[in-house]
Amino acid sequence: MIWNEKIECANRDEMRTIQTERLIETVKRIYHNVPSYRQKMQEVGLVPDDIRSIDDLSKLPFTLKTDLRDNYPFGMFTVPMSEIVRIHASSGTTGKPTVVGYTRKDLNSWSEVVTRSLCMAGVHREDIVQVAYGYGLFTGGLGLHYGCENLGASVIPISGGNTEKQLQLMEDFGTTVIACTPSYSLFLAEEMEAAGIKKENLKLRIGIFGAEPWTENMRKEIEAKLGIKAIDIYGLSEIIGPGVSCECEQQAGMHINEDHFVPEIIDPETLQPLPAGEIGELVFTTITKEGIPLIRYRTRDLTRLNYEKCACGRTLVRMEKCKGRSDDMLIIRGVNVFPSQIETVLLEMSETAPHYLLIVEREGNLDTLKLMVEVQEQFFSDEIRQLEALRKKITHKLQSTLGISVDVKLVEPKTIERTAGKAKRVIDNRKL
Amino acid sequence: MIIKQLTVFLENKTGRLNEVSQLLGISGINISAMTLADTSEFGILRMIVSEPEKALSILKDAEFSARLTDVICLNSPNEPGALARALEILSGESVFIEYLYAYSMDNKSANIVLKPDNIQKCIEVLQKHKMELVSASEMYKI
Ligand SMILES: [Zn+2]
């Protein structure tokens, strides 16, 4: 079912009209209510009247995560606290959390986009949805919760953890949809096996997974082990939480709810917008939010956009599964290289990603990229021929994925130094 | 008939081979045959040892990439043309050899360690032609 056909199947012109109207409103609101962003606009000589259409979006300055921190806790809210009805926060790895506030209208929009997402995933009102995302400051649990209620499905607000209880309710209540992180779903599958619960005895049919990166291989594994369709949902609390985008049953990219969140793809180095179809950093502008609207918020997630109409009938633009983080980007011979791309190649070739180390050197004027891969059990053969073939295969795959040649070297286990259990992935020896 | 060969992945770094033999030596594991196949970048050490399972766990504990591989060992007369005959029989029956290494036992016979593509078939063919295969227990003892 398509929840909001008028919007989700609108043609590009209709969508642009909606986006234009809402962008103009949002820019005014922020300019007049958020001093730090007003200053950014003034620095580049912009006033709200300069923004007349969605095409003017790229004129506007970016918003960074540090802007939220610098204005901790409520400095970027555009309404008085009396209008704020909910506050969420995400714990940063360093320093202060990122705080977001929602007005009544924001909560309604959030429910709307999550409901659309659930419908994309194939969930309907007869479903029993076990929400095993954490409830609390984290947006996962409550975000899914209100979307399910809005749809009319039956929610089990079990929250995260307590695996035994999760399995018990799944069996006893006949849960049909599970919402949690993909890694937790695999953990549930293992525990099911240990407890002797067969997937055939459960009624599970759909899993809605997000909040962490996962691979196509993981999707296959989850679908096989739980006997479900595994759907990818995307969101970040700064933008709203889960429901920014979600896959439909075609599993061919996540439809972005672009009447609320306008996506752009930029080159993380030049900060210039990239043409549709190119990989770059995902940037969002929220155009309906009242509590904390953000203009051109840099997500640091890398992906690409596809504006073609989907086989499901929706025209909402689709984003690919995120390919990594722009923070990790290396530029080698002018080509953007992300360690996560290398990890994906290695993951495709074995069950578990081996430890690896990328070494970038500059010889003369030429950058070279060397990849050291630890030969562990899953890669090890007693035949030279096979090890050579493996080395060539990695070299070829990397060449075609990255577009530059990589010198692959097989090394013994534990050759690559670990710091506190985690391996250092990149050494850049270039003196620039 | 099937013999567990200890196989170790080695980078071409000095001292690593030495380290392997020392580790096995202090644990009282005897190496009866050994060969190192190498490329410019890395090597594969193949060994027949007195206690393969124990040797494997010792090397793994020392964080070497090691595994046991099934091979067979043919005892052949130590005379010109003996190896060629054996190989001819095998290729005649479409058994292909991934690698082999041989060592003389004395003036009379030589042991040839073989890694065939199809180990069961290889054993059958050799037995059919009355070729002498060395048992695992004999091999580990040498
Ligand atoms: Zn679709």
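In what follows, every heavy atom counts, from backbone to side chain, and hydrogens, waters and symmetry copies are set aside. Order of the sequence lines sets the chain letters (A, B, ...), proteins ahead of strands, with each chain counted from 1.
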Considering residues, nucleotides and ligands other than [X], do more than 12 of their heavy atoms fall under 6.0 Å from its [atom1]?
{"X": "B/E88", "atom1": "CD", "answer": "no"}
{"X": "A/E269", "atom1": "CD", "answer": "no"}
{"X": "A/E191", "atom1": "CD", "answer": "yes"}
{"X": "B/K54", "atom1": "NZ", "answer": "yes"}
{"X": "A/K393", "atom1": "NZ", "answer": "no"}
{"X": "A/H396", "atom1": "NE2", "answer": "no"}

Least distance between heavy atoms, A/E383 atom then B/E98 atom: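 Here A/E383 and B/E98 meet closest at OE1-OE1, 3.3 Å.
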
Give, for atom [atom1] of [X] and atom [atom2] of [Y], the distance between the pair rounded to the nearest 0.5 Å.
{"X": "A/M372", "Y": "B/E11", "atom1": "CE", "atom2": "CD", "answer": "6.0 Å"}
{"X": "A/R391", "Y": "B/F42", "atom1": "CZ", "atom2": "CZ", "answer": "7.0 Å"}
{"X": "B/T39", "Y": "A/L387", "atom1": "OG1", "atom2": "CG", "answer": "8.5 Å"}

As an exercise: rank B/E41, B/R16, B/K60 by heavy-atom pairs under 4.5 Å with chain A and give me the winner.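 Option with the top pair count is B/R16.
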
Side chain, backbone, both or neither: which part of B/L10 has a non-hydrogen atom closer than 4.5 Å to chain A?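 Contact with chain A: backbone and side chain both.
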
Taking side chain as everything from C-beta outward and backbone as N, CA, C, O, which of these in B/F9 sits under 4.5 Å from a heavy atom of chain A? Side chain, backbone, both or neither.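 Contact with chain A: backbone and side chain both.
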
Answer yes or no: is there a side-chain heavy-atom contact under 4.5 Å between A/F380 and B/T7?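 Yes, their side chains come closer than 4.5 Å.
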
B/K115 bridged to A/D382 by N-O distance under 4.0 Å: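 A salt bridge links B/K115 with A/D382.
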
